[in-house]
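Sharing a structure, written as structure tokens. Questions coming.
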Amino acid sequence: MTEHKEDSAEKKSLNFIEAMVEEDIRSGKNHGRVHTRFPPEPNGYLHIGHAKAICLDFGIAERYGGKCNLRFDDTNPTKEDIEFVDSIKEDIHWLGFDWEDREYFASDYFGKLYDFATELIKKGLAYVDDQSSEVMAAQKGSPTEPGTHSPFRERSVEENLDLFKRMNEGEFPEGSRVLRAKIDMASPNMHMRDPVIYRILFHPHHRTGDRWKVYPMYDFAHGQSDFFEGVTHSLCTLEFEVHRPLYDWLVEHLKENDYRPRQTEFNRLNLSYTVLSKRVLLALVNEGHVNGWDDPRMPTLTGLRRRGYTSESIRNFNDSIGYTKVMANNDVGLLEYAVREDLNKKAPRVMAVLNPLKLIITNYPEDKTEEMETINNPEDESMGSRTIPFSREIYIEREDFMEDPPKKFFRLGPGREVRLKSAYIIKCEDYKKDENGEVCEVYCTYDEATRSGGPEAGRKVKGTLHWVSAKHAVEAEVRLYDRLFIDPEPAGHKDKSPVDFLNPDSLKVITGYVEPSLKDAKALDHFQFQRLGYFNVDPDTTPGKLVFNRTVTLRDNWSKRK
RNA sequence: UGACCCGUGGUGUAAUUGGCAACACAUCUGAUUUUGGUUCAGAAGAGUCCAGGUUCGAGCCCUGGCGGGUCAACCA
């Protein structure tokens, strides 16, 4: 069985990146080395889209006996902060990946990058431009029209060298001058039209302080950093495809032998009912639509973790959606499937009633309490069993009783029988309504012989209900989360903002009753509230107050039918 | 009216040298079940964007269309 599974796993076809890597190994490119990197900018929290890249970068290295570096792409001090460095590292570790001692920063290479820029100037391949960004933009032309040369394009090497040095000495104000690569103002690729490679910035850098006054642009840092680190496969998302000629142009002028990194692009993650743009995520936090970056409704890794998603489920999800060059729209249902599949194996089953209705077993002794044995997880016997207290007064779910039930309703109603999970079969004899006409108490009788494990335990009844003993139950705050957006593509509307599609019911806070064994549950512990869904313990939990988050509901074929 | 990239069930992927279009999710049946969960068995759903061409044979190769995406930040 296991052997068969491994067989089919090995036969799993390769994605285009794996195929390329295998071909590179076969042909001996870069001496058969495989070295990748994950290059986040420390300007925000990682989200599930980053997880897709992390799984690829670290996964490829793992699979082919290579290494994967963590490199912070910190070339823009105005946007970056050390705060994010720590959260990014925590999230990668949580996902289960490790960069060992290979933690780098693009800012480590500022010196080398500066020297390389100087080399380009000496070769006549870079020049200082004194024009404003507006003027340069106008000269750049358009995708269909070639650009025109800057009047500063033919400055002498000496003047360029002098100017660039003085730019870095803080002699010129921000925005007054840039260094540009001299490539081709008529190139059909806009990125090759003398791209800016250095700009002046006086904002202190979170690592290098005020040592530098000029900072390299992304294009002038990324490929070179790959080169300095010996990266062989530089994997990034599709929108960088048009940058590749520039990446290659720079590497060509940097290479010393036949080693060279190669950029390959894959499709970015798009998830239905979700927004992954950093700008929008920031707005959600700043405008108070969510309670911070770790709000369980956020697609950030810290939010998903708090929501109860396991790292395994996120990795499995990434495995299942694959890596291609197609603009894909992934169904968030697949992510929900992944977490259910994982938690089904791992989460202990417990009793919790979220919308309580009191049920009194009229023929059960008033002062009696029985300890009912119940299994912790039917999917995994090694998780053992525990006992839960049973008594005359219990809570059941309000939805599990109907005064006038339809035929297909398997639960409780007048005269109907139902099993209380791990306890007895009971029969509804009567019920009481309050002044508003709402059912407030249900009266049942129980059949002692039907106790779980008892002589008539095998008797079949249609429904099985979960329950908690009223006097033993523990109160808990339960946060019922739902999708943050009601639209499948909240960012896909030209004239509307994603905020217009926020789900007003994405969070409902209620008080429920849970079985007493949950009193000592620890933050982030996962449980299945039987028949309701998967829940985990929120870190807001204090010794006196339990707080649970709903990770995801169980699959539900009953409510779909309605 | 540019360059580059991409078009396979509802969605996401697969089809290795050109050889019966496969898998997962979703959907729908049925069985099992002390969770309307899980598990198991099964069904329906594409003929591969279109039109040509090469070939005994094309999702795959060629040509031409059509559709979608990316690119004109001193962001990454």
Under-3.5 Å donor-acceptor pair between A:Arg531 side chain and B:rU35 base: no
Look at A:Glu23 together with A:Arg26 and state whether they make a salt bridge at an N to O cut-off of under 4.0 Å. yes
B:rU1 pairs with, by Watson-Crick or G-U criteria that keep both distances under 3.5 Å: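 The base-pairing partner of B:rU1, which may sit in any strand shown, does not exist here.
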Under 4.0 Å between a side-chain N/O of A:Ser132 and OP1 or OP2 of B:rC74, yes or no?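 So the side-chain polar atoms of A:Ser132 never come under 4.0 Å of the phosphate oxygens OP1 or OP2 of B:rC74.
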Looking across every strand, which nucleic acid part, if any, lies under 4.0 Å from A:Gln528 by heavy atom: base, sugar-phosphate, or nothing? base
Looking for any heavy atom pair under 4.0 Å, which part of the strands does A:Ala457 touch: base, sugar-phosphate only, or nothing? base
Over how many whole Å does the gap from A:Glu336 atom CD to B:rU11 atom P extend?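 Answer to the nearest Å: 18 Å.
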Please determine whether a side-chain nitrogen or oxygen atom of A:Tyr218 lies at a distance below 4.0 Å from atom OP1 or OP2 of B:rC75. no
Please state how far atom CD in A:Glu145 lies from atom P in B:rA3, giving the value in whole angstrom units. 14 Å
When all nucleic acid strands are considered with a 4.0 Å heavy-atom cut-off, which category describes A:Asn189: base, sugar-phosphate, or nothing?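 Result for A:Asn189 = nothing.
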B:rG37 base to A:Arg340 side chain: any donor-acceptor pair below 3.5 Å?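 In this structure, the two groups form no donor-acceptor pair.
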When all nucleic acid strands are considered with a 4.0 Å heavy-atom cut-off, which category describes A:Arg244: base, sugar-phosphate, or nothing?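 Contact class for A:Arg244: none.
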Is there a side-chain polar atom (N or O) of A:Ser452 under 4.0 Å from OP1 or OP2 of B:rU34? no
Scan side-chain atoms only and decide if A:Glu18 and A:Tyr64 contain a donor-acceptor pair under the 3.5 Å cut-off.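 Their side chains do not contain a donor-acceptor pair, so the 3.5 Å distance test is not met.
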When we call it a touch if two heavy atoms are under 4.0 Å apart, what does A:Leu238 touch: a base, just sugar-phosphate, or nothing?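 Counting heavy atoms under 4.0 Å across all strands, no contact is made by A:Leu238.
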Take atom P in B:rA21 and the same atom in B:rC60, then report the distance between them in whole Å. 14 Å
Between A:Ile321 (CD1) and B:rC23 (P), how many Å, whole number?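 In whole Å, B:rC23 P lies 21 Å from A:Ile321 CD1.
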At 4.0 Å (heavy atoms only), tell me whether A:Met217 reaches a base, stays on the sugar-phosphate, or touches nothing.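 Sugar-phosphate contact only - A:Met217 comes under 4.0 Å of backbone atoms but never of a base.
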Answer yes or no: does a side-chain N or O of A:Asn377 lie under 4.0 Å from OP1 or OP2 of B:rU38? no
For A:Ser187, which contact category applies under a 4.0 Å heavy-atom criterion: base, sugar-phosphate, or nothing? nothing
When all nucleic acid strands are considered with a 4.0 Å heavy-atom cut-off, which category describes A:Gln530: base, sugar-phosphate, or nothing? base
Does this structure show an ion pair linking A:Asp24 with A:Arg262, if we count only N-O contacts that are shorter than 4.0 Å? no
Who pairs with B:rC28 - Watson-Crick or G-U, where each distance is under 3.5 Å: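 B:rG42 - that is the nucleotide pairing with B:rC28, both distances being under 3.5 Å.
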With a 4.0 Å cut-off on heavy atoms, is A:Pro378 in touch with a base, just the backbone sugar-phosphate, or nothing at all? base
Classify the nucleic acid contact of A:Val326 as base, sugar-phosphate or nothing, counting any heavy atom under 4.0 Å across all strands shown. sugar-phosphate
Taking any heavy-atom pair under 4.0 Å as a contact, classify A:Lys278: base, sugar-phosphate, or nothing. nothing
Distance between P atoms of B:rA43 and B:rU35 (Å, rounded): 28 Å
When we call it a touch if two heavy atoms are under 4.0 Å apart, what does A:Phe72 touch: a base, just sugar-phosphate, or nothing? nothing
If the P atom of B:rG64 is compared with that of B:rA24, how far apart are they to the nearest Å? 39 Å
Can you tell me how far C1' in B:rC71 sits from the matching atom in B:rC50, rounded to whole Å?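 It works out to 28 Å between them.
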Once you round it to whole Å, what is the distance between P of B:rU16 and CD of A:Glu18? 15 Å
From A:Ser452, A:Ser517, A:Ser422, residue fulfilling side chain to side chain contact (heavy atoms under 4.5 Å, CB included) relative to A:Thr374: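 In the set A:Ser452, A:Ser517, A:Ser422, the residue that makes a side chain to side chain contact (heavy atoms under 4.5 Å, CB included) with A:Thr374 is A:Ser422.
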Just say parallel, tilted or perpendicular for the rings of A:Phe110 and A:His205, cut-offs at 30° and 60°. perpendicular
So does A:Arg199 get a side-chain nitrogen or oxygen closer than 4.0 Å to the phosphate oxygens (OP1/OP2) of B:rA76? yes
A:Phe410 near the nucleic acid: base, sugar-phosphate alone, or nothing, with a heavy-atom cut-off under 4.0 Å?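 Touches a base.
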Quick check: any donor-acceptor pair below 3.5 Å linking the side-chain of A:Glu379 to the base of B:rU39? no
Regarding A:Phe240, tell me which of base, sugar-phosphate or nothing describes its non-hydrogen contacts under 4.0 Å with the strands shown. base
Please state whether the phosphate of B:rG36, meaning OP1 or OP2, lies under 4.0 angstrom from any side-chain nitrogen or oxygen of A:Lys462.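 No.
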Is it the case that the base of B:rA76 and the side chain of A:His243 share a donor-acceptor contact (distance under 3.5 Å, atom types as modelled)?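 Yes.
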Any A:Asn557 side-chain N or O less than 4.0 Å from OP1/OP2 of B:rG37: yes
Side-chain N or O of A:Arg555 versus OP1/OP2 of B:rG36: is the shortest distance under 4.0 Å?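 Looking at the OP1 and OP2 atoms of B:rG36, neither is under 4.0 Å from any side-chain N or O of A:Arg555.
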